[in-house]
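As structure tokens, the structure follows; a few thoughts come after it.
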Amino acid sequence: MLDRKLLRKDPQKVAEAANAKNEKINMDTWVVADSSRRTVMLEIEDLRNQRNTLSKAVSLKKRSGENADYEVAKSRETGLRLTTLEDKVSEIDKSLAEMEMSFPNIPDPDVPVGGEENNVVLRSWGEIPVFNFKPKPHWELMEDVFQPEAAGRIAGSNFILFRGWAAKLQRNLISWMLDYHTQSGMEEIWAPFVAKAESMTATAQLPKMEDDMYKIGRDNLYLIPTGEVPITNLYRDQLLEEADLPVRLCGYTPCFRREAGSYGKDNRGLNRVHQFEKVEMVRLEHPERSEEAHQEILDHAAGMLELLGIPYRILLLASGDLSFAAAKCYDIETWSAGQEKWLEVSSISNFRDFQARRGNMRYRPSGGGKPKFIHTLNGSGLALPRLIISLVENGQQEDGSIKLPPVLAERMGTEVIR
RNA sequence: GGAGAGGUGGCCGAGCUGGUUUAAGGCGUACGCCUGCUAAGCGUAUGUAGGGGUAACUCUACCGAGGGUUCGAAUCCCUCCUUCUCCGCCA
């Protein structure tokens with residue numbers, strides 16, 4: 001949600017920002033509705049004042065046994081007029097709120113304008129592996145342990161099932177990543193894997209992503225599409241002290257995505273599935289420090305890939321590729337040797353105060369004074385299926401065996417998977 | 001799933017036989033006083049949002065959410081959400 005003051009002061013800026021994100025919004029309608037709301041509110045407040053005064057008079061007169069019929073009649077009259085105006089305002093409020101919930105966050109000034117093609121590669125790390133044989137895609141390397149047909153029988157197409165070493169590898173990766181985060185001072189969270197509409201609205205999956213989420217209609221719950229939802233909502237409607245900031249959290253969750261309309265596009269194997277596992281990092285930060293924090297989270301996430309020895313590159317997303325709620329976002333992509341392409345394994349975003357406004361997440365300044373909105377950030381650290389793709393495809397050897405990086409060899413009890 | 005009890009300002013907590021409560025009191029916090037130092041004590045201030053005024057100040061709304069009754073609702077009624085206790089069911 002954007003600051004109403006900003007909407008009034010610079011509607012043009014909001015409209016341009018939405019345009020840069022390819023979101024269609026009707027700013028003019030908002031401006032008209034907002035101004036008529038204020039006109040009506042003026043009258044309402046005046047009438048309420050009159051009614052309060054009359055009520056007080058009724059109270060005093062009755063107390064002293066006087067007749068208050070005149071005041072009661074007058075007050076009733078005022079009340080009738082009020083009802084009409086209040087109905088009008090609540091109607092306007094409803095449409096204002098609806099519009100405001102659909103206004104996307106404004107990209108930071110340093111975000112390139114344009115679509116995907118304007119994403120900027122900021123830096124890369126590691127050497128793209130060269131093989132003296134033709135490297136295989138992961139679905140061939142993992143034939144015995146990755147069984148989409150089985151998952152399809154159980155849950156439907158585009159769900160995945162791991163068995164044997166793949167299942168163990170995923171479990172160990174999750175565990176290793178969480179240890180990596182907690183060693184740097186993050187608190188580990190185990191949160192619900194479902195969330196209600198208010199939570200989804202606070203982090204801004206709703207209203208826009210409604211069709212991309214699984215919904216349990218009977219209980220009015222959604223399966224979470226990312227750990228960002230429950231972990232950020234841990235602090236919804238909370239007031240923190242300035243000294244509590246930053247709050248640094250991490251946690252494992254599955255992520256459920258309907259991926260409506262994305263069939264047939266890069267969805268072979270583990271590339272794009274309905275349920276995947278992810279370790280998420282969430283940070284609540286002081287507004288003045290969120291830019292710095294964004295870099296820290298990015299470097300921290302990239303550090304994992306260096307320990308795993310996986311080549312990666314970092315993109316600064318252009319406005320058209322930014323999510324609805326983000327002001328700025330870095331993607332980390334790892335190399336997939338078998339498919340010869342880059343895969344997004346992490347998306348690290350700064351939402352500034354956008355989610356905090358929607359979820360009413362504030363802190364009280366240490367010198368006293370009015371509560372202010374915090375800034376929220378999050379980043380994958382990391383998404384499992386694509387990480388496994390890169391590990392397996394990049395580590396493959398001519399005989400089909402897979403060489404593991406030392407940090408995993410230790411946990412898996414072997415240096416090579418055969 | 002059944003029965004019962006709650007949800008009040010940063011926190012605790014009174015009010016809940018409708019009208020001097022536009023929410024008492026306490027804690028916490030800030031400033032000041034006092035005090036060899038510290039602690040204690042004393043005084044003052046201190047919810048959020050929106051509107052008006054150069055300013056002192058003032059108006060309006062908010063007591064889980066939404067509806068209703070009433071001249072007037074934290075207070076009465078209805079629906080929903082949520083917490084706790086007991087019972088049932090169950091990993």
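Computed from a predicted structure; not experimentally measured. Here is how names work: the chains are called A, B, and so on, in the same order as the sequence lines, proteins then strands, and each is numbered from 1.
- Residue pairs satisfying the side chain to side chain donor-acceptor pair (under 3.5 Å) criterion with at least one member in residues 186-199 of chain A, sequence neighbours excluded, are listed as follows: S199(A)-R236(A).
- Residue contacts shown for D46(A) are absent, as no nucleic acid heavy atom lies under 4.0 Å away.
- Here OG1 of T182(A) is found 12.5 Å from CG of L249(A). Values are rounded to the nearest 0.5 Å.
- Spacing between atom CD of Q238(A) and atom C1' of U82(B) amounts to 14 Å, rounded to whole angstrom units.
- Across the P atoms, U22(B) and C12(B) are found 24 Å apart, a figure rounded to whole Å.
- Looking at E86(A) and R48(A), a side-chain N of the basic residue comes within less than 4.0 Å of a carboxylate O on the acidic one, giving a salt bridge.
- Between A65(B) and G10(B), the two P atoms lie 13 Å apart (nearest whole Å).
- With both ends at atom P, the span from C62(B) to A23(B) equals 12 Å, rounded to whole Å.
- The pairing partner recorded for A24(B) is none, the criterion being a Watson-Crick or G-U wobble arrangement whose two distances lie under 3.5 angstrom.
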Name every donor-acceptor pair, under 3.5 Å, that has one atom in a side chain of residues 296-306 of chain A and the other anywhere in the protein, sequence neighbours excluded.
| residue | atom | partner | partner atom | Å |
| --- | --- | --- | --- | --- |
| E296(A) | OE1 | R283(A) | NH1 | 3.4 |
| E296(A) | OE1 | R283(A) | NH2 | 2.6 |
| E296(A) | OE2 | R289(A) | NH2 | 2.7 |
| D299(A) | OD1 | R123(A) | NH2 | 2.9 |
| H300(A) | NE2 | H181(A) | ND1 | 2.8 |
| E306(A) | OE2 | Y312(A) | OH | 2.5 |

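- Nucleotides C78(B) and U83(B), compared at atom P, are 22 Å apart to the nearest Å.
- Between the CD atom of Q50(A) and the C1' atom of U58(B) there is a distance of 16 Å, given to the nearest Å.
- Rounded to a whole angstrom, the distance from the P atom of C76(B) to that of U20(B) is 16 Å.
- RNA chain B is contacted by both R48(A) and E71(A); R48(A) maps to the nucleotide lying nearer its 5′ end (nearest heavy atom per residue).
- Between W342(A) and W335(A), the angle of the ring planes goes over 60°, which puts this pair in the perpendicular group of the 30/60° scheme.
- Of the nucleotides present, none pairs with G9(B) by Watson-Crick or G-U wobble criteria with both distances under 3.5 Å.
- The interatomic distance linking K56(A) (NZ) with G18(B) (C1') rounds to 16 Å, in whole Å.
- For residues 162-172 of chain A, the set of pairs meeting the side chain to side chain donor-acceptor pair (under 3.5 Å) definition, not counting sequence neighbours, comprises Q147(A)-R163(A).
- Heavy atoms of K196(A) sit under 4.0 angstrom from primed sugar atoms or phosphate atoms, though from no base atom.
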Requested in this report: In sequence, state the C-alpha distance, the side-chain angles, and the governing distance for K372(A) and E242(A), and then conclude on salt bridge (Lys or Arg N to Asp or Glu O under 4.0 Å).
Outcome: CA-CA 9 Å; K372(A) 293 179 175 164; E242(A) 182 166 5; over 6 Å; no
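- Distances shown here put a side-chain N or O of N52(A) below 4.0 Å from the OP1 or OP2 atom of U60(B).
- Both G79(A) and E198(A) lie near RNA chain B, and the one whose nearest nucleotide falls closer to the 5' end is G79(A).
- Taking atom CG on D244(A) and atom P on G10(B), their separation rounds to 15 Å, with Å as the unit.
- Comparing G25(B) with A45(B), their P atoms sit 11 Å apart, to the nearest whole Å.
- The same atom, P, is picked in U44(B) and in G26(B); the two are 11 Å apart, to the nearest Å.
- If you take CD1 of I44(A) and P of U60(B), they are 13 Å apart, rounded to a whole angstrom.
- The nucleotide A55(B) finds no pairing partner, because no Watson-Crick or G-U wobble arrangement with both distances shorter than 3.5 Å includes it.
- Whole-Å rounding puts the L239(A) CG to G28(B) P distance at 18 Å.
- In this structure, R76(A) places its CZ atom 8 Å from P of G72(B), rounding to the nearest Å.
- Applying the ring pair (Phe, Tyr, Trp, His ring centres under 6.0 Å) rule to H294(A) yields the partners Y330(A); only residues at least two apart in sequence or on another chain are considered.
- Across every strand in view, G66(B) sits in a pair with C78(B) that passes the Watson-Crick or G-U test at under 3.5 angstrom.
- Among residues at least two apart or in separate chains, ring pair (Phe, Tyr, Trp, His ring centres under 6.0 Å) pairs with a member in residues 357-392 of chain A are H286(A)-Y363(A).
- Across every strand in view, G1(B) sits in a pair with C87(B) that passes the Watson-Crick or G-U test at under 3.5 angstrom.
- K61(A) has its NZ atom 16 Å from the C1' atom of G72(B), to the nearest Å.
- In this structure E45(A) satisfies the side-chain contact (heavy atoms from CB on, under 4.5 Å) test together with M41(A), sequence neighbours excluded.
- We find that E280(A) and K278(A) are joined by a salt bridge, their nearest charged nitrogen and carboxylate oxygen being less than 4.0 Å apart.
- Across all strands shown, G19(B) forms a Watson-Crick or G-U wobble pair with C71(B), both key distances being under 3.5 Å.
- Between N49(A) and C59(B) there is no side-chain N or O to OP1 or OP2 distance below 4.0 Å.
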Query raised in the report: If the sugar-phosphate is the primed atoms plus P, OP1 and OP2 and the base is the rest, what is the B/S/- string for nucleotides 47-53 of chain B, using protein heavy atoms under 4.0 Å?
Result: -SSBS--
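- Residue L54(A) is out of contact with every strand shown, counting any heavy-atom pair closer than 4.0 Å.
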Report task. Determine, for nucleotides 62-68 of chain B in 5'-to-3' order, which nucleotides have protein heavy atoms under 4.0 Å from the base (write B), from only the sugar-phosphate (write S), or from neither (write -). Result -> -------
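- Pairing of C42(B), defined by two Watson-Crick or G-U wobble distances under 3.5 Å, is identified with G32(B).
- Residues passing the side-chain contact (heavy atoms from CB on, under 4.5 Å) test with E91(A): none are found, sequence neighbours excluded.
- Only the C1' atoms considered, G47(B) is 14 Å distant from G28(B), to the nearest whole Å.
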